Each structure stands twice: as C-alpha cells, then as structure tokens.
2 protein chains.
Amino acid sequence: MQTETTRRRLRELILDGHYPPGSRLGEVEVAGTLGVSRTPVREAFRALTADGLLAGSGRGLRVVRLDAEELAQVYRVRAALEALTAELAAERQRAGRLAPAELADLTELADRTHRATADGELAAGVRLNRAFHRRIAELAANPVALHALDRLWDQIQVSTLRSLRAPARTGLVDAQHRALLDAITAGDPEAAAAAARRHVLDTCAADRPAADDKE
Amino acid sequence: MQTETTRRRLRELILDGHYPPGSRLGEVEVAGTLGVSRTPVREAFRALTADGLLAGSGRGLRVVRLDAEELAQVYRVRAALEALTAELAAERQRAGRLAPAELADLTELADRTHRATADGELAAGVRLNRAFHRRIAELAANPVALHALDRLWDQIQVSTLRSLRAPARTGLVDAQHRALLDAITAGDPEAAAAAARRHVLDTCAADRPAADDKE
DNA sequence: CACATGCTCATTGCATGCAATGCATGCAGA
DNA sequence: TCTGCATGCATTGCATGCAATGAGCATGTG
C-alpha cells in the first residue's frame, strides 16, 4: 500500500508548490526522501503522469508546466464539465433529490470561501473555492465527471500556484458563486449551466496574466 | 519500452473483447502470455486502471463492467465534451482555420461509416464511427478534450461490445452525422454543439437496452 | 446438515540487482 | 577558441526473490 500513500504524498507536495512546475523528479531521490524503495515511487510516478501532473516521458520526469494556451484549453474543458455538473445538480434539485442540508452546506462553503478570500487568507480561499466547486460536482451524482474534474483542478492548481492573485476579483467571484447557487437552488438547469460556464471562463481570463513565465 | 507495448497490446485485447468485461487478469498469466516479466505488466495494469478499463482495487483486477446507470453517466460526460469539441471545431471553421481538405476528410469518414454500417460490416462501422467523432475532436485542436474523450470512448466500447447492434438506427445516425457536419462546415458553434449533444445522447438511449447483463 | 474455523496456496506488493541508455564532461585536434 | 569525440556516470527499465495477505477449501463441531 506504499504505492498509494507515496502517490498521495507526492501529489500533495506538487500541489503545495514544494515541487514547482518544471522540477525534475528522480526515482532514487524521491525514494530516499519518502523512505521507500524505487518500485512504489515508480508506480506513483506513472499514476501522477496519467493524472497530468507529471510529464516528460523517458529520461527524467518533470512537474508539468502549462503555457498560457494549454492552460486555456484545460479551462475550456473544465468549463464544459462544470456546466454539466451544475446542470445535473439543478436537475436533481428540481426532481427533489437534493436534501436541504446539502444546499445549506453548499451555501456555507460559498460564505466561507468569500470570507477567507476577503480576509486575505489566500491559501484557505483557494482550498475552499475548490471545495465549493467540488461539492457541486458531488451533488451532480456523476462520478465520471467528478473524477475528470478532479484531474483538471489539480492541473490548474499546479499551474496557477505562483500567481495566488490578489482579491480585486473577490466581489465578482462571490457574485458568480451566488448566481450559480441560486440557479441550482431554483432547480433551473439551463441557468445553472450558463452560470457555471461563465464563471469558469471568467476565472480563466483572470488567470491568464500568469504568463510571466521565466526561469 | 516493454511497458508501453504491453499496455497497447492489452488495451487492444480488451477493446477487441478478447478479455470481456468481468474477466480477471493476473500478472503472472499475462506476463506469460505476452512473454515479458511481471514488472511491465504491472505498470500496464496501473495505466489501464487509470484509463478506466480495469478496476477492482486490491486482490485481482478485472475488466470494468459498467451497469446501465454508470454507462449513462459516461455518456453524459461524453455528450458534454463532444458538444465542446464540435463547438470548437465550428469556431475554428468560422475563423478560417480549417483547411478544406480537413472538412473533406471528415465528410469521407461520415460516408464510409454509413456505408460500412449499411453493408452490415459492424466492426468496421464501429471503428469508422469512432474515427469520425475523433476527427472532430482533433479539429477542435484541444488535446485535453481529445484525451478525455479517448478514455470515454474506450470505456463505452468495452461495455457495448457484446451488443453490436443491428442497423435499424443507421439512417438516424447518418442523418445526425450530416447535421453535425453541416453545422461545423457552416461555422455555427451553437448548432454544432447542439447537434453533437443530441447525437451522443440518442446513442446513449439506443445503447441502453444492453442491460441484459448476466453471468 | 449448516456454519464456523483453521489451513493451504495462489497472487500480489515491495525490494533490489543488473543491464542499457542517454547525458555531461573533459580532452584533443584543428 | 571552438568543435568533435570518447569516456564515465547518473538514471531508468526490467527481472526476480521474498514476504505478506486474502481467498478458497476442507474439516470439525454444534
């Protein structure tokens, strides 16, 4: 079971920025650091490569570094999938399959996200924001979409780590979260899908200036 | 490099139905069959598991067998992604970024798909149909979407292998392919997205009777 | 006769040795 | 000084040994 724990720990290290994009990862080095043999590290590398966090087949794996265009492509797929999950969640709400507690939960996540970001706790804000979006995907009750989104969120998180941007957009983000929330609560699939798509694409546009790649 | 070839060969065997859904795959057995050691087989297993073709954590991997609901969930994600690729392809056409030869190619794929299916060459029809959809995804020029769709197509192909159904729907399928093609050719993203979504969801509905799972 | 329990064996997970490969570095010659 | 080549090294890919674990089966008992 060391393979799985190794995979998890490595993923955390990458998502934390401990291994920033472009870092080179060697089997021996990581095996030594984590105190396991090369085999589980090797398999963890494969898994993370499949998840789109590592790349560079052959000699030397590196943490993926997406350029602006690739990041935009990831965002477009994310927008399509989040439009789907929002639509499905709204459908389930309309069908009466969502418990009030679940919606309350979602509202609280939106609140906490806004508060954390407004208070300047950027790391917590990023985490809560992701939790908010993920909760919607859970309410959609489609594991396939959820899994695909998990991968995309990981990729985006890695590539936008350094640009933990200031809150200027905080108000807009929160307003869009509320709009999405309202559409789901109202059981309006079309509105929910549209709100989700717009929100994600706006976020993409806001992240784009992160094209200050050097090194 | 035996890992990669092993992965490819195993994928082919699974997609061909040589290892039908539910089959149990053992490292030693496959290693013996393919004439390699357990290590590359092991890694190929991991990769195919990540691709959603194998499952069954822990003791004994099996070829995934999706029930009707899971298959429908895959189809909904596929519909969202194919709507996106159709939209992107149409956008590129509108922007004049698609060469006429590329569209001609696509038309020919639609033709050949229709002919093969109408002639009762089901296997060839399935292959060509997939090639048609894939070509659209290629024209969308979004590798992220293309990769995600490749995985979904694989999963669907495995789970609908046994129900290589008769052509009754042939006419409808071809008509929808033409509608999609026309929307892309016309550079109409909304129409293309709608056509793709409807086509995929109709296909899902047609595949649903495959719920005659026993064994 | 059914169910629980203990045993045996197949199968996987992990570690490590060995061979191959690609890269960097340093030296020699132009 | 620059270029080309050769050599050494770091690193990965693959094979295999060993230990652990879970499953299936047989047997004994209620």
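Just so it is clear, the model here is predicted, and its values are computed rather than measured. Within every chain, numbering begins at 1; the chains are lettered A, B, ... in the order of the sequence lines, protein sequences first and strands thereafter.
- Separating the CD atom of B:Glu43 from the P atom of C:dG13 is a distance of 13 Å, rounded to the nearest angstrom.
- Judged as a salt bridge (charged side-chain N to carboxylate O under 4.0 Å, His left out), and not counting sequence neighbours, B:Glu69 has no contacts.
- Distance A:Leu25 CG to D:dA10 P: 19 Å, rounded to the nearest Å.
- Annotation for B:Arg130: atom CZ counts as buried by contact number, over 12 foreign heavy atoms lying within 6.0 Å.
- The CG atom of B:Leu34 sits 12 Å away from the P atom of D:dA15 (whole-angstrom rounding).
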Which atom pairs link the protein and nucleotides 18-22 of chain D when you take only N or O atoms and keep those under 3.5 Å?
from   : atom 1 : to      : atom 2 : distance (Å)
D:dT21 : O2     : B:Arg59 : NH2    : 2.2

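- In terms of position on DNA chain C, the residue among A:Pro40 and B:Val28 whose nearest nucleotide sits closer to the 5' end is B:Val28.
- Residues passing the salt bridge (charged side-chain N to carboxylate O under 4.0 Å, His left out) test with B:Arg76, sequence neighbours excluded: A:Glu87, A:Glu91.
- A:Gln93 pairs by the side-chain contact (heavy atoms from CB on, under 4.5 Å) definition with A:Leu98, A:Leu103, not counting sequence neighbours.
- The CZ atom of A:Phe45 sits 17 Å away from the C1' atom of D:dC14 (whole-angstrom rounding).
- Contact annotation: B:Arg42 reaches the phosphate of C:dG13 (side-chain N/O to OP1 or OP2, under 4.0 Å).
- In this structure, B:Thr3 reaches the D:dC14 phosphate: one of its side-chain N or O atoms is under 4.0 Å from OP1 or OP2.
- Separating the CZ atom of B:Arg46 from the P atom of C:dT12 is a distance of 12 Å, rounded to the nearest angstrom.
- Residues forming a salt bridge (charged side-chain N to carboxylate O under 4.0 Å, His left out) with B:Asp202 (at least two apart in sequence, or on another chain): none.
- Sorted by first and then second residue, the pairs that involve residues 131-142 of chain B and meet salt bridge (Lys or Arg N to Asp or Glu O under 4.0 Å), not counting sequence neighbours, are B:Asp105-B:Arg135, B:Arg134-B:Glu138, B:Arg134-B:Asp150, B:Arg135-B:Glu138.
- If you measure from atom CG of A:Leu61 to atom C1' of D:dT12, you get 10 Å, rounded to the nearest angstrom.
- Side-chain atoms of B:Arg94 do not come within 3.5 Å of backbone N or O of B:Pro189 as any donor-acceptor pair.
- Of all nucleotides listed (C:dC14, C:dT12, D:dA15), C:dT12 comes nearest to the side chain of B:Arg24.
- Comparing A:Glu27 and B:Gly35 along DNA chain D, the residue whose closest nucleotide (by nearest heavy atom) sits nearer the 5' end is A:Glu27.
- Residue B:Ser37 has a polar side-chain atom (N or O) positioned under 4.0 Å from OP1 or OP2 of D:dA15.
- For the pair A:Arg62 CZ and D:dT11 P, the computed distance is 12 Å after rounding to whole Å.
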